[in-house]
Amino acid sequence: MRTPRSWAIALRRRWTSLWLTGLATLLIVSSLTLPQTPLAGAAGDTGYRDFSFGFTQAPFGNPDNGPTGEKPQSKLWFNDGSWWDVLYNPTAGAGGEYHIYQLDKATQTWSDRGVVVDTRRYSHADALWDGSHLYIATALQPGMSDADKSARVLRFSYNASTQSYSLDAGFPVVVASVPMEAIVMDKDTTGMLWVTYTYGNGQGGRSVYVSHTGGSDATWVTPFVLPATGATTLTADDLSAVVAYNGKIGVMWSNQTASTMYFASHTDGAADNVWQQNPALQGPSYADDHINLKSLQADASGQVFAAVKTSLQDVPNQNPSAPQILLLVLNQKGSWSRRTFGTVGDDHSRPIVVIDNSARELYVFATTNNGNPPSGIYYKKTSLDKINFPTGLGTPFMESSNDTNINNATSKKGSVDGTTGLVVLASDVTTGNYWHNTLGMPAPVPTATPSGPTATPTPTNTPLATPTATAVSSANLAVGRPATASSLESASYPASNAVDGNGGTRWSSQFSDPQWLAVDLGQRYAIDRVRLSWETAYGSAYQIQVSSDNATWTTIYSTTTGTGGVNDLTVSGTGRYVRMYGTQRGTPWGYSLWEFQVYGSAATTQAAALVATSTIVPTATSAPAAPTATPTATSVPATPTAVPTSVVSPTPTPKKGKP
């Protein structure tokens, strides 16, 4: 969804840059020539400015709908040592055509291979290379005047000796005869191809449709509405996406009417009407139509990874610390969790996720309107085994002082590695140019412990440095120690989760004030550091307290201006017991911590009354009174979040609860 703020920015850019871009645009459109080398950018630009696609007026005057959209689609693939793409050649055919292009790594230029994909300017394609054939699904955007509004699937064979593709006999195949914002495709373990899209339901909204092959790649079943809750009440702005994973096909779609990002899965080979549903994200204004999916097979880090956007920037009195871009992770047990990539204040949009499974790293790329220049593609990287994004805009990947509306990042389906490297494509519809940039991937991580740190890849034209975490001062004294809490949201979120050393599990309290979480360190320590990793449900006012007898507590840190995220606190106090005592919640829910970490050194003296077998006395029904606090301002980043899930079949009622 395009926000009013983003529209204002886009309009302001167009007016202020009109006198600079007008002449260039006229020359581009009139000459329709394609430079064979990247156009030079201004000093400090990041990435490669490619050729012009020959038009600057996007559908409906929307600056977001460039030729590298839509959000769930992938335009690129890697094959035979090269990156390939579907790009628009404005000089081809009678009035321009989408062709297959090959990237020259030495010159970083795209070469037109002369293979036609679509002749409709405002069509959008999704590409899948399965190792044997290239499949491209392409469909026309709604509202366009083209007579042919069909959605098609094309299959190409590859000739390695000539490095060329040829369209197979019997293709293209028409899979639907209606325009759609985005058609997305994947292939299951039985060899069946699947597509999904959303289309009008005759009541002013949309429904989720799916179709698949039957018997051969050239035979498709009639598209049908997904038999799942929330699949027929979409707004006209909602989209769907499909991904193959672990012997299943998964469909995710946004439903802004229900404020839910839905997910339904179909076991390969099962009947068309048998689906299991597992909502991925729920809560007021937590749904938007930005979805990009990737999967890993039988990997401990997760099965499905979804980069999505919330609508929290559209609410009155928006909170700049609220999550705007989230990474949703479906774990091997079928539960969804989430991590914050960017906040409302960061103003990221249109994210895509890319996984380097060999180096155990995950990347998210997104447009931001807060850069300098105002709009460009930024990225953040995190360990795949402990996903936690740094705060801020991230590292600039494509930005230019001339092309100030670089948008709609796209890459390939599947994962990348040190052999493929990484290429991301984008476009600027205000100047009519393609952009791309590359990252070199680290070598695969060996089984044995590496002798040195893995190098961090950097984009062409040196980017800003990625923020690094604060160094740990000593061993975490709280890990594995006995922990208790004032209350539990449910048995799924015990106090022990906050001290188990696992950043993917959490403690969560009931939805009231005050609440506390305490840990028994086993002996007295001089505490110098406490680190709180908050989930979405955080404390806006809380104290860190220590005690030697689990009865009398001393406050060593206090704040009334907490904003969640990771709070890395420098403190000073001595005690055997340490607790977080929350007096005011920052959300309508309770208090929730991924990790409660304590650092320090053994105290020089021990209290005689304490023995190693002591247990914590406070119970959930009798919380100690809050001590007097001295407010201390603190500024902290956004934090990963998680959401409980339910698995039902085939069309359950969505679970209610916090987002």
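Here the structure is a predicted model, which is why all the values come from computation and not from measurement. Heavy atoms only: backbone and side chains are in, while hydrogens, waters and symmetry mates are out.
Of all the heavy atoms in T340 and P323, the pair that sits closest is OG1-CB, 3.8 Å. Of all heavy-atom pairs spanning S254 and D288, the tightest one is CB-O, 3.0 Å. Heavy-atom minimum distance, L328 versus A280: CD1-CB, 3.9 Å. Closest non-hydrogen pair, I406 versus S400, comes out as CD1-N, 4.0 Å. H290 and R350 get closest at one heavy-atom pair: ND1-N, 3.1 Å. In terms of heavy-atom proximity, T343 sits nearest to S321 at CG2-O, 3.8 Å.
Side-chain contact between N437 and T46: present, with at least one pair of heavy atoms (C-beta onward) separated by less than 4.5 Å.
Of the N and O atoms on the side chains of H124 and Q141, at least one donor lies less than 3.5 Å from an acceptor on the other residue. Inspection of the D237 and Q256 side chains reveals an N or O donor paired with an N or O acceptor under 3.5 Å. Counted by atom type alone, D356 and S358 present one or more donor-acceptor pairs between their side chains at under 3.5 Å. Defined by atom type and a distance below 3.5 Å, a donor-acceptor pair is present between the side-chain atoms of S82 and Q102. Side chain to side chain, S240 and T196 meet the donor-acceptor criterion of an N or O pair below 3.5 Å.
Y378 and F365 have their aromatic ring centers separated by at least 6.0 angstrom. In summary, the aromatic rings of F51 and F53 are positioned with their centroids too far apart to meet the 6.0 Å limit. For W110 and H436, the ring centers sit closer than 6.0 Å to each other.
Residues E535 and R339 are not paired through a salt bridge, judged by the lack of any N-O separation under 4.0 Å between the basic side chain and the carboxylate. Using a 4.0 Å cut-off between charged nitrogen and carboxylate oxygen, R529 and D568 count as a salt-bridge pair.
Under the 6.0 Å distance and 45° angle rule, R206 does not count as a cation-pi partner of W253. Cation-pi check for K380 over F341 is met; the charged atom lies under 6.0 angstrom from the ring centroid and within 45 degrees of its normal.
Listed by chain and residue number, Y88 satisfy the ring-ring contact (aromatic ring centres under 6.0 Å, His included) test with Y98 (two or more places apart in sequence, or in another chain). In this view, N502 satisfies the side-chain hydrogen bond (donor to acceptor under 3.5 Å, both in side chains) rule with no residue, not counting sequence neighbours. Under the side-chain hydrogen bond (donor to acceptor under 3.5 Å, both in side chains) criterion, S427 pairs with T68, sequence neighbours left out. Here Y135 pairs with nothing under the ring-ring contact (aromatic ring centres under 6.0 Å, His included) rule; sequence neighbours left out. Taking the salt bridge (Lys or Arg N to Asp or Glu O under 4.0 Å) definition, one finds that D346 meets it with nothing, sequence neighbours left out. In this structure A137 satisfies the side chain to side chain contact (heavy atoms under 4.5 Å, CB included) test together with V153, I183, M185, sequence neighbours excluded. Judged as a side-chain hydrogen bond (donor to acceptor under 3.5 Å, both in side chains), and not counting sequence neighbours, S74 has no contacts. Partners of T257 according to the side chain to side chain contact (heavy atoms under 4.5 Å, CB included) rule, which considers only residues two or more places apart in sequence or in another chain, are T235, N255. A search for side chain to side chain contact (heavy atoms under 4.5 Å, CB included) contacts involving N79 returns W77, W84, W129, Y158, Y165, not counting sequence neighbours. Looking at residues two or more places apart in sequence or on another chain, you find no side-chain hydrogen bond (donor to acceptor under 3.5 Å, both in side chains) involving H348. Looking at residues two or more places apart in sequence or on another chain, you find no salt bridge (Lys or Arg N to Asp or Glu O under 4.0 Å) involving E595.
Of the possible donor and acceptor atoms, none in the side chain of E399 sits under 3.5 Å from a partner among the backbone N and O of P396. At distances below 3.5 Å, at least one donor-acceptor pair connects side-chain atoms of D417 with backbone N or O atoms of T420. D104 places a side-chain N or O within 3.5 Å of a backbone atom of T107 that can act as its donor or acceptor partner. Without hydrogens or angle criteria, D428 side chain to G432 main chain gives no donor-acceptor distance under 3.5 Å. Within the 3.5 Å criterion, the main-chain N or O of D289 finds no donor-acceptor partner in the side chain of K309. A donor-acceptor contact shorter than 3.5 Å is absent between the side chain of S259 and the backbone of Y286. The backbone N or O of A287 lies less than 3.5 Å from a partner atom in the side chain of S311, making a donor-acceptor pair. Using a distance-only test at 3.5 Å, with no hydrogens or angles considered, a donor-acceptor pair links the side chain of T587 to the main chain of W589. A donor-acceptor contact shorter than 3.5 Å links the side chain of N567 to the backbone of G564. In this structure, K75 contributes its side chain and G69 its backbone to a donor-acceptor pair below 3.5 Å.
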After noting the C-alpha distance and the side-chain angles of V117 and I100, does the key distance pass the side-chain contact (heavy atoms from CB on, under 4.5 Å) rule? CA-CA 7 Å; V117 174; I100 293 175; 3.9 Å; yes
Pair L384, I355 - check side-chain contact (heavy atoms from CB on, under 4.5 Å), show working. CA-CA 8 Å; L384 185 59; I355 299 172; 4.1 Å; yes
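Of the residues listed (Y363, W435, Y379), the one engaging F397 in a ring pair (Phe, Tyr, Trp, His ring centres under 6.0 Å) is Y379, and it is the only one. When each of D186, L293, D299, L330 is tested with Y245 by the rule side-chain contact (heavy atoms from CB on, under 4.5 Å), just one qualifies, namely L330.
Taking OG1 from T382 and CG from L362, the interatomic distance works out to 7.0 Å, rounded to the nearest 0.5 Å. Note that the OG1 atom of T430 and the CG atom of N405 stand 5.0 Å from one another [nearest 0.5 Å].
The stretch residues 384-396 participates, sequence neighbours left out, in these salt bridge (Lys or Arg N to Asp or Glu O under 4.0 Å) pairs: R360-D385.
Using cut-offs of 30° and 60° on the angle between ring planes, the pair W534 and Y538 is perpendicular.
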